[in-house]
Novice: 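Below you'll find the structure I mean.
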Amino acid sequence: MIRIAIANQKGGVGKTTTAINLATGLAATGLRVLLVDLDPQGNASTGLGVGHADRAQSSYDLLVGNCALDDTVIATRVPKLDLVPATQDLSGCEIELIDYEQRTHRLERVLAEAQPGRWDICLIDCPPSLGLLTINAMVGAQYLLVPLQCEFFALEGLSQLLQTVERIRGRFNPGLSIMGVALTMYDRRNRLTDQVADDVRACLGDLVFSTVIPRNVRLSEAPSHGVPALIYDFRCSGSEAYMRLARELIARLPRQEVAA
């Protein structure tokens with residue numbers, strides 16, 4: 001199972017929107033996808049139509065060892081897409097994990113329990129911080145995908161995130177690599193948007209995905225209906241962009257892993 005953490009410590013950059021719609025796009029290509037909601041806000045769970053009453057077991061229970069992976073997995077309305085939901089219990093999880101052995105490797109151990117062949121790819125939706133939950137995601141992942149809002153302050157946050165990635169590589173997960181940076185909330189009418197996009201591409205080169213995710217009202221409306229934008233309005237510009245991003249991501253994966 002290929003494991004990809006979707007992380008950026010800055011809030012409001014489109015992490016959860018990317019996690020939901022990218023997972024749906026990958027499932028639409030025929031891949032079996034597991035989405036792990038690791039954000040205490042639980043927005044990825046809500047955006048996939050999983051209500052709080054249906055989250056009897058969550059990612060919190062996994063991290064503290066209350067249950068096994070299979071006990072938390074919920075089949076979503078999207079064919080081939082399963083979810084490990086999140087609850088507000090996660091907000092206190094970082095403090096609880098301090099007393100646990102190998103607290104940075106809790107998620108890695110859980111994902112290792114996955115039945116071989118059940119899922120092709122796992123996406124991990126991280127909270128907007130660089131705390132223990134995000135570190136668990138980076139330790140448990142093989143790749144990192146960074147959604148980056150096309151605004152000036154996002155660039156400052158990116159450098160901090162890249163420094164954290166280097167520390168994770170050095171101490172916990174030397175195999176972690178950056179899959180790519182996805183530019184989100186792109187507005188062609190705003191000249192600053194183009195300037196930020198150009199600066200990021202000049203700095204990171206091919207690491208930046210060719211696909212950019214535009215500002216799109218349908219992407220914002222879809223979560224209130226409990227479905228991904230790709231189902232809410234498949235033909236909107238946001239949905240089409242996420243389908244292109246899914247195909248681009250698949251093209252970046254090592255061929256032997258995709259074939260497996």
Side-chain angles (χ1 to χ4, degrees), residues 3-23 33-48 50-52 55 57-66 69 72-74 83-98 100 102-111 122-149 151 153-154 156-165 167-168 171-173 176 178-179 181-182 184-185 213 219-220 223 228:
R3 304 179 303 278
I4 303 174
I6 300 176
N8 189 330
Q9 80 278 10
K10 191 175 185 302
V13 299
K15 283 188 300 297
T16 298
T17 299
T18 297
I20 293 172
N21 290 291
L22 187 57
V33 183
L34 175 66
L35 175 58
V36 178
D37 190 349
L38 215 60
D39 187 344
Q41 298 176 85
N43 290 338
S45 306
T46 303
L48 285 170
V50 178
H52 292 279
R55 306 177 200 178
Q57 305 285 355
S58 68
S59 52
Y60 164 82
D61 297 291
L62 283 182
L63 292 176
V64 300
N66 287 346
L69 178 62
T72 66
V73 173
I74 297 173
L83 171 75
V84 174
T87 62
Q88 290 185 347
D89 293 335
L90 274 177
S91 33
C93 189
E94 296 192 354
I95 297 175
E96 290 184 49
L97 288 178
I98 290 175
Y100 282 68
Q102 291 195 304
R103 57 184 177 269
T104 57
H105 291 70
R106 304 292 294 183
L107 185 63
E108 180 187 34
R109 289 184 174 185
V110 166
L111 294 180
C122 171
L123 300 182
I124 308 166
D125 184 30
C126 298
S129 71
L130 292 177
L132 199 49
L133 292 175
T134 299
I135 290 173
N136 260 274
M138 290 186 184
V139 172
Q142 300 157 291
Y143 303 101
L144 178 67
L145 189 153
V146 184
L148 185 70
Q149 185 179 3
E151 290 190 0
F153 288 125
E156 292 187 339
L158 178 62
S159 63
Q160 185 181 355
L161 177 65
L162 296 178
Q163 290 172 11
T164 301
V165 171
R167 294 192 190 101
I168 296 294
R171 295 187 59 187
F172 305 118
N173 185 4
L176 179 66
I178 299 177
M179 174 68 67
V181 175
T184 62
M185 303 182 185
I213 309 301
L219 292 178
S220 303

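Each residue takes its place number in the sequence, starting with 1.
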Novice: Treating Q149 as the side-chain partner and M185 as the backbone partner, does any N or O pair qualify as donor plus acceptor under 3.5 Å?
Specialist: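 The answer is no, because no donor-acceptor pair under 3.5 Å joins these two groups.
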
Novice: Write down the atom of P128, the atom of G11, and the distance for their closest heavy-atom approach.
Specialist: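 Nearest heavy atoms, P128 then G11: CB-CA, 3.7 Å.
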
Novice: In the structure I gave you, are the side-chain heavy atoms of V139 and L107 within less than 4.5 Å of one another anywhere?
Specialist: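 Contact flag for V139/L107 side chains = no.
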
Novice: With a 4.5 Å cut-off on side-chain heavy atoms, are D39 and L90 touching?
Specialist: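 No, too far: nothing below the 4.5 Å cut-off.
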
Novice: What distance do T87 atom OG1 and H52 atom NE2 have between them, rounded to the nearest 0.5 Å?
Specialist: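 The OG1 atom of T87 sits 9.5 Å away from the NE2 atom of H52.
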
Novice: Do I213 and L219 come close enough that some side-chain heavy atom pair is under 4.5 Å?
Specialist: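 Contact flag for I213/L219 side chains = yes.
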
Novice: Is there side-chain contact between L133 and P40, with at least one heavy-atom pair below 4.5 Å?
Specialist: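 Yes, close enough: below the 4.5 Å cut-off.
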
Novice: Mind running side-chain contact (heavy atoms from CB on, under 4.5 Å) on L144 and I168 for me, showing each step along the way?
Specialist: CA-CA 12 Å; L144 178 67; I168 296 294; over 6 Å; no

Novice: Between CG of L97 and CD of Q102, what distance do you get to the nearest 0.5 Å?
Specialist: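 So the gap between those two atoms works out to 12.5 Å.
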
Novice: Once you round to the nearest 0.5 Å, how far does CG of L161 lie from NZ of K10?
Specialist: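 Reported value, rounded in 0.5 Å steps: 13.0 Å.
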
Novice: Nearest 0.5 Å, please: how far is CG in L38 from CG in L63?
Specialist: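 Interatomic distance, L63 CG to L38 CG, rounded to 0.5 Å: 5.5 Å.
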
Novice: With a sphere of 6.0 Å drawn around CD of Q88, does it hold more than 12 non-hydrogen atoms of other residues, nucleotides or ligands?
Specialist: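 Count not over threshold, so no.
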
Novice: Please walk me through it: do V64 and C93 pass side-chain contact (heavy atoms from CB on, under 4.5 Å)?
Specialist: CA-CA 8 Å; V64 300; C93 189; 4.3 Å; yes

Novice: Please name the pair of heavy atoms, one in I20 and one in P228, separated by the smallest distance, quoted to 0.1 Å.
Specialist: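 Nearest pair, atom of I20 first, then P228: CG2-CB, 3.7 Å.
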
Novice: Of the non-hydrogen atoms in V13 and P147, which two are nearest, and what is the gap between them?
Specialist: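 So the two residues come closest at CG2-O, 3.7 Å.
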
Novice: Would you say that R109 contacts N136 through its side chain, given a criterion of any heavy-atom pair below 4.5 Å between the two side chains?
Specialist: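 The answer is no, as the side chains (C-beta and beyond) never meet within the 4.5 Å cut-off.
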
Novice: Are any non-hydrogen side-chain atoms of C122 and V36 less than 4.5 angstrom apart?
Specialist: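 In short, these two side chains touch, coming nearer than 4.5 Å.
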
Novice: Would you compute the distance between atom OG1 of T104 and atom CG of N173 and round it to the nearest 0.5 angstrom?
Specialist: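 Between atom OG1 of T104 and atom CG of N173 there are 10.0 Å.
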
Novice: How far does CE of M138 sit from CD of E108, to the nearest 0.5 angstrom?
Specialist: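 Answer for the CE-CD pair, M138 versus E108, is 14.5 Å.
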
Novice: Verify the distance criterion only: is there a donor paired with an acceptor across the side chains of D37 and S59 at less than 3.5 Å?
Specialist: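 On atom types as modelled, these side chains do not qualify, holding no pair under 3.5 Å.
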
Novice: Quick one: closest heavy-atom pair of T16 and A44, and the distance?
Specialist: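 Shortest heavy-atom contact: CG2-N, 3.4 Å.
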
Novice: Identify the two heavy atoms, one from S45 and one from A86, that lie closest to each other, and give their separation to 0.1 Å.
Specialist: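 Closest heavy-atom pair between S45 and A86: OG-N, 3.1 Å.
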
Novice: For I124, run the side-chain contact (heavy atoms from CB on, under 4.5 Å) check against L111, L35, L34 and tell me which one passes.
Specialist: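 Single pass found, and it is L111.
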
Novice: Verify, without hydrogens or angle tests, whether T72 (side chain) and Q57 (backbone) share a donor-acceptor contact under 3.5 angstrom.
Specialist: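 Side chain of T72 to backbone of Q57: no pair is present.
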
Novice: Provide the closest heavy-atom pair for S129 versus T134 in the form atom of the first, atom of the second, distance.
Specialist: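 Shortest heavy-atom contact: O-OG1, 2.7 Å.
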
Novice: Any donor and acceptor pair, going by atom type alone, linking the side chain of K15 with main-chain N or O of N8 inside 3.5 Å?
Specialist: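 Such a contact is found between K15 side chain and N8 backbone.
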
Novice: Short question: side chain of R55, backbone of V50 - any donor-acceptor pair under 3.5 Å?
Specialist: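 Checked: pair present.
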
